[in-house]
Amino acid sequence: MFPFAGKAVEIADRSGADFADIRVVETRRQTLSVRNGEIGAINDSVTLGFGVRVLYKGAWGFASSDVMTAGEVARVSRLAIGIAKASASLKGRPVRLAAEPVYRDFWQTPFIKDPFSVPVEKKLTLLFAIDRVLRKDRRIRSAVSGMNFIREHQWHMTTEGSEIEQVLLSSGAGFEANAIDKGEAQSRSYPSPHGGQILSMGYELIESLDLAGNAER
């Protein structure tokens, strides 16, 4: 991906920019949920795109696209340069960047088990097991359990020579039961409300939460 990104850096350098960088981001998201004994959602998507920033005479220009071709990265780079030049003609105080050394590095979220390698069937089996426990009590009118996984692969390149590649991974899961009885409504969730527990980990997070073991409680 760095040869692709290098086109933007080359064009910005030739334009006389003070600084420029490009960030290419590929994101995969997987969401699964079970609601009241049925599959609520199964989504698995991948997006890919890039953004270019240019600093010209103390002013920023930004442009982006999701078309991954050499012609498009050249067009977007020139667009960012044009915006930066237009901004420079109207700027107040110029932007000054702090001095930074050149970095060439790779970093990845530490994990034990890749959540995207775990079969969807296994994940759904766990969610349905939770659902069955939650709905044993007749007062439970709504039961929802779910999992979310995100992997973001980034490539960052600058006119100063930095090349940084990162793979950022997060996993999350949780469930909620809503009960109604004698005119009173109550909700309980585990391990936390608003989507459950989400951490920078792999599928080992799901296994550590003991979701099924806490459903009865």
- Same cluster or not: are Phe2 and Met68 linked, directly or through other Ile, Leu, Val, Met, Phe, Trp or Tyr residues, by side-chain heavy atoms under 4.5 angstrom apart? yes

- Item | Same apolar cluster: Val133 and Leu211, side chain cutoff 4.5 Å | no

- Query: Between Gly61 and Ile83, what is the shortest heavy-atom contact and its length?
  - Reply: CA-CG2, 3.8 Å

- Which atom names give the shortest non-hydrogen contact between Lys123 and Pro115, and what distance separates them? NZ-O, 2.7 Å

- Find out whether Val46 and Glu26 are in side-chain contact, i.e. whether some heavy atom of one side chain is under 4.5 Å from a heavy atom of the other. yes

- Steps toward side chain to side chain contact (heavy atoms under 4.5 Å, CB included) verdict (Leu124, Ile39): CA-CA 8 Å; Leu124 287 175; Ile39 292 175; 4.1 Å; yes

- Item | Backbone of Gly37 reached by a side-chain donor or acceptor of Asp131 within 3.5 Å | yes

- Hey, does the side chain of Thr159 reach the backbone of Ala20 with a donor-acceptor pair shorter than 3.5 angstrom? yes

- Message: I want to check something: taking the side chain as every heavy atom from C-beta on, are Val67 and Arg75 in contact at a cut-off of under 4.5 Å?
- Response: no

- Message: For Val120 and Leu32: C-alpha separation, side-chain torsions, deciding distance, then whether side chain to side chain contact (heavy atoms under 4.5 Å, CB included) applies.
- Response: CA-CA 8 Å; Val120 169; Leu32 304 99; 3.4 Å; yes

- Note, Val25 side chain near Phe50 side chain (heavy atom, < 4.5 Å): no

- Task: Could you tell me whether the side chains of Ser65 and Glu72 share a donor-acceptor contact shorter than 3.5 Å?
- Result: yes

- Task: Give a yes or no answer on whether the side chain of Glu204 reaches the backbone of Gly202 with a donor-acceptor pair at less than 3.5 Å.
- Result: yes

- Is any side-chain heavy atom of Val52 less than 4.5 Å from a side-chain heavy atom of Phe62? no

- Task: Would you give the length of the straight line joining atom OG of Ser171 to atom CG of Leu209, rounded to the nearest 0.5 angstrom?
- Result: 10.0 Å

- Query: Counting N and O atoms only, with roles assigned by atom type, does the side chain of Lys57 sit under 3.5 Å from a partner on the main chain of Ala17, one being a donor and the other an acceptor?
  - Reply: no

- Message: Is it true that Ser187 and Asn178 share a donor-acceptor pair across their side chains at a distance under 3.5 Å?
- Response: yes

- Message: Tell me whether Ile150 shares a hydrophobic cluster with Ile42, the cluster being built from Ile, Leu, Val, Met, Phe, Trp, Tyr side chains joined at under 4.5 Å.
- Response: no

- CG-CD1 distance between Asn148 and Ile206, expressed to the nearest 0.5 angstrom: 9.0 Å

- Heavy-atom check, side chain of Thr109 versus side chain of Gln166, under 4.5 Å: no

- When rounded to the nearest 0.5 angstrom, what is the spacing between CZ in Arg35 and CG in Leu127? 12.5 Å

- For residues 14-25, which residue pairs qualify under side-chain hydrogen bond (donor to acceptor under 3.5 Å, both in side chains), counting only residues two or more places apart or in two chains? Glu10-Arg14, Asp21-Arg53, Asp21-His156, Arg23-Gln154

- Task: Check the pair Leu169 / Gln108 against side chain to side chain contact (heavy atoms under 4.5 Å, CB included), numbers first and verdict last.
- Result: CA-CA 8 Å; Leu169 180 68; Gln108 178 172 278; over 6 Å; no

- Query: Which atoms form the tightest heavy-atom contact between Pro191 and Gln197, and what is the distance?
  - Reply: CG-CB, 3.4 Å

- Query: If you measure from CD1 on Ile81 to CD1 on Ile11, what distance do you get to the nearest 0.5 Å?
  - Reply: 6.5 Å

- Identify the heavy atoms of Ser162 and Pro101 that sit nearest to each other, and give their distance. OG-O, 4.1 Å

- Task: Please indicate whether Glu38 has more than 12 foreign heavy atoms, meaning atoms of other residues, nucleotides or ligands, lying under 6.0 Å from its CD.
- Result: no

- Task: Could you list all the salt bridge (Lys or Arg N to Asp or Glu O under 4.0 Å) pairs where at least one residue sits in residues 146-166, not counting sequence neighbours?
- Result: Asp114-Arg151

- Message: When you group the ILVMFWY residues by side-chain heavy-atom contacts below 4.5 Å and let the links chain together, are Val144 and Phe149 in the same group?
- Response: no

- salt bridge (charged side-chain N to carboxylate O under 4.0 Å, His left out) involving Arg139 - partner list, sequence neighbours excluded: Asp137

- Checking ring pair (Phe, Tyr, Trp, His ring centres under 6.0 Å) for the pair Tyr56/Phe19: CA distance, chi angles, key distance, verdict? CA-CA 7 Å; Tyr56 182 85; Phe19 170 86; over 10 Å; no

- Between Ala86 and Ser89, which heavy-atom pair has the shortest distance, and what is it? O-OG, 2.6 Å

- Can you tell if the side chain of Met147 reaches within under 4.5 Å of the side chain of Tyr203, non-hydrogen atoms only? yes

- Message: Once rounded to the nearest 0.5 Å, what's the spacing between atom CZ of Arg141 and atom CD1 of Ile180?
- Response: 5.5 Å

- Message: Within the structure provided, determine whether Glu216 and Lys136 are in side-chain contact (heavy-atom separation under 4.5 Å).
- Response: yes

- Task: For residues Ala143 and Arg135, report the shortest heavy-atom separation together with the two atoms involved.
- Result: CB-CG, 3.6 Å

- Query: Ile22 versus Trp155: any side-chain heavy-atom pair under 4.5 Å?
  - Reply: no

- Query: How many angstroms lie between OG in Ser77 and CG in Asp13, if you round to the nearest 0.5 Å?
  - Reply: 11.5 Å

- Message: Check for me, please, whether Ile140 and Phe175 land in the same ILVMFWY cluster - side-chain distances under 4.5 Å, paths through other members count.
- Response: no

